[in-house]
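Working notes for the structure below.
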Amino acid sequence: MNPIATPLNIERCWNFIGIQGDRTCPQLAIYTHCRNCPVYSTAGRHLLERSLPEDYRQEWTELLAKSRADENSQISHALTTTQMTVVIFRLQREWLALSAQIFKEISPPSVIHTLPHRSNQILRGLVSIRGELLLCISLSHLLNLEVADTAVQTLSPVVYSRMVVLEKAGKTWVFAVDELYGVHRFHRDELQDAPKSLTQTYTQGLFHWQPDGKQIERSHSVSYLDDELLFTTLARKVQ
């Protein structure tokens with residue numbers, strides 16, 4: 001006859017004379033392992049069906065509430081110190097950056113086809129990128145950047161101009177850059193307030209950047225542009 005599982009003998013059964021103990025239980029000859037024994041199953045049902053302690057719900061409610069608060073605090077901290085990925089480029093004398101997520105393609109310079117009665121200082125015309133005609137703009141004119149009339153310090157003795165293709169919310173724009181560095185990562189808390197300037201309207205902040213492995217010893221101050229505002233302004237002024 002199998003013993004009955006009670007609070008007094010549940011632990012003694014398999015932990016002492018069973019598979020986890022000295023294995024002197026006579027039932028092992030029949031069931032080979034404690035998990036096959038009805039006593040083990042009865043003990044499991046007893047544990048699952050036992051009455052809850054008086055403060056059980058209250059303790060778990062407080063514990064889960066604290067865990068959720070800690071989780072929200074960690075998420076908030078992560079958002080404020082999150083790492084940002086940008087593409088850095090130069091226009092005239094200014095080093096600028098935009099979120100890498102909106103960069104669709106980097107292309108060699110292409111012929112710009114002006115649009116009758118539409119082309120102006122900001123909208124330069126159409127360019128063909130992989131056979132697709134896209135609107136080409138002058139970001140320098142949109143940001144009111146001063147034309148560099150003297151030599152500009154570059155990252156390399158040989159500088160290649162590029163055209164970059166940006167895409168956001170189904171809108172695509174192309175503009176030329178004087179120099180392209182590439183992808184750079186920094187933490188959001190490194191952003192500093194931008195000084196008053198003509199580009200301040202489109203600048204979310206400034207960060208200091210030291211090109212890796214370059215001959216230039218001093219760091220650069222880079223303006224991190226607001227791509228949301230940039231796209232909104234282009235849609236209003238160009239179309």
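Because the structure is predicted, anything quoted here is derived from the model rather than measured.
Residues forming a side chain to side chain contact (heavy atoms under 4.5 Å, CB included) with Thr233 (at least two apart in sequence, or on another chain): Leu142, Tyr202, Leu229, Arg236, Lys237. Residues that satisfy the side chain to side chain donor-acceptor pair (under 3.5 Å) test with Asp22, not counting sequence neighbours, are Thr24. Residues satisfying the side chain to side chain donor-acceptor pair (under 3.5 Å) criterion with Arg130, sequence neighbours excluded, are Glu105. Under the rule for a salt bridge (charged side-chain N to carboxylate O under 4.0 Å, His left out), Glu190 has no partner lying at least two apart in sequence or in another chain. For the side chain to side chain contact (heavy atoms under 4.5 Å, CB included) test, residues two or more places apart in sequence or in another chain that qualify with Glu167 are Lys104, Thr172. In this structure, Glu132 has no side chain to side chain donor-acceptor pair (under 3.5 Å) partners at least two apart in sequence or on a different chain. In this structure, Thr61 has no side chain to side chain contact (heavy atoms under 4.5 Å, CB included) partners at least two apart in sequence or on a different chain. Listed by chain and residue number, nothing satisfies the salt bridge (charged side-chain N to carboxylate O under 4.0 Å, His left out) test with Asp178 (two or more places apart in sequence, or in another chain). Here His33 pairs with Ile19, Arg35, Asn36 under the side chain to side chain contact (heavy atoms under 4.5 Å, CB included) rule; sequence neighbours left out. Taking the side chain to side chain donor-acceptor pair (under 3.5 Å) definition, one finds that His208 meets it with nothing, sequence neighbours left out.
Rounded to the nearest 0.5 Å, atoms CZ (Arg188) and OH (Tyr224) are 6.5 Å apart. Atom CZ of Phe175 is separated from atom CG of Leu230 by 7.5 Å, given to the nearest 0.5 angstrom. If you take CG on Leu63 and CD on Gln58, they are separated by 11.5 Å, rounding to the nearest 0.5 Å. Rounded to the nearest 0.5 angstrom, Leu139 CG and Trp173 CH2 are separated by 11.5 Å. The distance from the CZ atom of Arg185 to the OG1 atom of Thr85 is 4.5 Å, given to the nearest 0.5 Å. Taking CH2 of Trp209 as the reference point, atom CZ of Phe207 lies at 8.0 Å (rounded to 0.5 Å).
Contact check for Leu98 versus Val87: no side-chain heavy atoms found under the 4.5 Å cut-off. Within the 4.5 Å cutoff, no side-chain heavy atoms of Cys37 are placed close to those of Thr42. Leu126 places none of its side-chain heavy atoms less than 4.5 Å from the side chain of Ile112. Put simply, the side chain of Leu225 reaches to within 4.5 Å of the side chain of Thr203, judged on heavy atoms. A heavy-atom distance below 4.5 Å is not found between the side chains of Lys168 and Gln101. Side chains of Val183 and Phe103 form no contact here, defined as non-hydrogen atoms less than 4.5 Å apart.
Residues Ser128 and Ser110 share a closest heavy-atom pair of O-OG, 3.8 Å. Between Gly125 and Leu115, the shortest heavy-atom contact is CA-CG, 4.3 Å. When all heavy atoms are compared, the tightest approach of Asp226 to Glu228 is OD1-N, 3.1 Å. Nearest heavy atoms, Ile129 versus Ser107: CD1-OG, 3.8 Å. Considering every non-hydrogen atom in both Leu191 and Gly205, the closest pair reads CD2-C, 3.8 Å. Closest non-hydrogen pair, Cys136 versus Met163, comes out as SG-CE, 4.3 Å.
Ring geometry, Phe186 versus His184: the interplanar angle falls under 30°, so the pair is classed parallel (tilted spans 30 to 60°).
By the criterion of side-chain heavy atoms lying less than 4.5 angstrom apart, applied directly or through intervening Ile, Leu, Val, Met, Phe, Trp or Tyr residues, Ile137 is grouped together with Ile102 in one hydrophobic cluster. No chain of hydrophobic side-chain contacts below 4.5 Å, direct or via other Ile, Leu, Val, Met, Phe, Trp or Tyr residues, connects Leu180 to Leu134. Clustering ILVMFWY residues whenever any of their side-chain heavy atoms sit less than 4.5 angstrom apart, transitively, puts Val174 in a cluster other than the one holding Phe231.
Applying the 4.5 Å side-chain rule to ILVMFWY residues, one finds that Leu206 remains a lone member of its cluster.
Considering Val177, Ile88, Leu91 in turn, Leu91 is the only one that fulfils the side-chain contact (heavy atoms from CB on, under 4.5 Å) rule with Leu96.
Sorted by first then second residue, the salt bridge (charged side-chain N to carboxylate O under 4.0 Å, His left out) pairs that include residues 201-211, not counting sequence neighbours, number zero.
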Stepwise, does the side chain to side chain contact (heavy atoms under 4.5 Å, CB included) test hold for Arg90 with Tyr181?
CA-CA 8 Å; Arg90 179 177 60 81; Tyr181 171 74; over 6 Å; no

